[in-house]
Amino acid sequence: MRIVLVGPPGAGKGTQAAYLAKNLSIPHISTGDLFRANISQGTELGKAAKAFMDAGNLVPDEVTIGMAKDRMAQPDAEGGFLLDGFPRNVSQAEALDESLKADGQKLDAVLDLEVPEDEVVKRIAGRRICRNDSSHVFHVAYSAPKQEGVCDTCGGELYQRGDDTEETVRRRLEVYHAETEPIIDHYKAQGLVVTISALGKVTEVTKRAMEALGRSDA
Ligand code: AMP
């Protein structure tokens, strides 16, 4: 399956993507993770992306689209993928449509995770992420690790993303409404959008998502 996951920052895209990708046996491709990996490796691409990310703005399309396409062209993504954080504006969605069409492929679904705005800010401000694996996500109040600052799953160090401050979250939400939400209409016109509530336990949301994708069997 070829799936796009969309939703505001803090909707739980990364967490859900990890479970869904595992259930569906497809790679989880997160442009945010790719940028963060480039930043920690000190690459030119990482240097180009950092200031935009720190400010809560989108990294320019010239950088982002090429990086996403390169990742989708890897052998593990031949049979499908779950995109998390890409496309994030209509021109990226059009670039993705064109690139899939050129390869005789198409998307199967766009899964839209809905969550109220005040919940988003609470979720993000308390979010802590494992340095070893960004799908190991905790929250200081909602799902605290057994030992503060240490990942329950792998023992890695937990940290707060530099762009997870309240001020930057508000900017990221503005960017989401202005730039990313329009892709939902873009994909509605193609009959691809399924919307689910992202509230509740992680396992409940995953179940809802699998049902919405018609894959509760997987
Ligand atoms: P995320 O991990 O998806 O929340 O992304 C973190 C940040 O990376 C975003 O706030 C953007 O600055 C940047 N980013 C990730 N994906 C994209 C994209 N598709 N287009 C532009 N910027 C992106």
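One-based numbering, in listed order, for ligands and for the atoms of each. The basis for the numbers below is simple: all heavy atoms, side chains too, and nothing from hydrogens, waters or symmetry mates.
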Next on the checklist: Counting non-hydrogen protein atoms only, what is the nearest one to atom 23 (C) of ligand 1? Give residue, atom name and distance.
Outcome noted: Phe35 CE1, 3.7 Å
Checklist entry - Quick one: nearest non-hydrogen protein atom to atom 8 (O) of ligand 1, plus distance? => result Met53 CE, 3.3 Å
Checklist outcome for this item: Taking only non-hydrogen atoms of Thr64 and a 4.0 Å limit, the atoms of ligand 1 in range are 18 (C), 19 (N), 20 (N), 21 (C)
Item to check | Residue, atom name and distance, where the atom is the protein heavy atom closest to atom 19 (N) of ligand 1 | outcome: Gly85 O, 2.8 Å
Next on the checklist: Would His186 and Asp97 count as a side-chain hydrogen bond (donor to acceptor under 3.5 Å, both in side chains) here? Give the steps.
Outcome noted: CA-CA 11 Å; His186 172 89; Asp97 290 350; 2.8 Å; yes
Item to check | Option with minimal heavy-atom separation from atom 16 (N) of ligand 1, where the choices are Thr31, Ile65, Leu5 | outcome: Thr31
Next on the checklist: Does any N or O of ligand 1 fall below 3.5 Å from an N or O anywhere on Leu58, backbone included?
Outcome noted: no
Checklist outcome for this item: Looking only at protein heavy atoms, what sits closest to atom 4 (O) of ligand 1 is Arg161 NH2, 3.1 Å
Checklist entry - In Å and rounded to the nearest 0.5 Å, what is the CG to CG distance from Leu45 to Asn38? => result 4.5 Å
Next on the checklist: On the six-membered ring of Tyr159, is Arg131 placed so that its NZ or CZ lies under 6.0 angstrom from the centre and within 45° of the ring axis?
Outcome noted: yes
Checklist entry - Nearest to atom 2 (O) of ligand 1, what protein heavy atom do you find, and at what distance? => result Arg36 NH2, 2.8 Å
Checklist entry - Do Leu192 and Leu111 belong together in a cluster built from hydrophobic side chains that touch within less than 4.5 Å? => result no
Next on the checklist: To the nearest 0.5 Å, what is the distance between CD1 on Ile65 and CG on Asp61?
Outcome noted: 4.0 Å
Next on the checklist: Check Glu166 with Arg170, please: is the shortest side-chain N to carboxylate O separation under 4.0 Å?
Outcome noted: yes
Next on the checklist: Using a strict threshold of under 4.0 Å (side-chain N to carboxylate O), is an ion pair present between Lys101 and Asp103?
Outcome noted: no
Checklist entry - Taking only heavy atoms of Arg172, which atoms of ligand 1 are found under 4.0 Å from at least one of them? => result 4 (O)
Checklist entry - Out of Gln92, Met67, Arg88, whose heavy atom is nearest to atom 1 (P) of ligand 1? => result Arg88
Checklist entry - How close does the nearest protein non-hydrogen atom get to atom 12 (O) of ligand 1, and which residue and atom is it? => result Asn57 O, 2.6 Å
Next on the checklist: I want to know if ligand 1 touches Val59 in the polar sense, i.e. an N/O pair below 3.5 angstrom.
Outcome noted: yes
Checklist entry - Can Asp112 and Lys188 be counted as an ion pair, charged N to O under 4.0 angstrom? => result no
Next on the checklist: Just to be sure I read this right, does ligand 1 sit under 4.0 Å from the backbone of Lys13, its side chain, both, or neither, counting only heavy atoms?
Outcome noted: neither
Next on the checklist: Please determine whether a side-chain nitrogen of the Lys or Arg among Glu211 and Lys207 lies less than 4.0 Å from a carboxylate oxygen of the Asp or Glu.
Outcome noted: yes
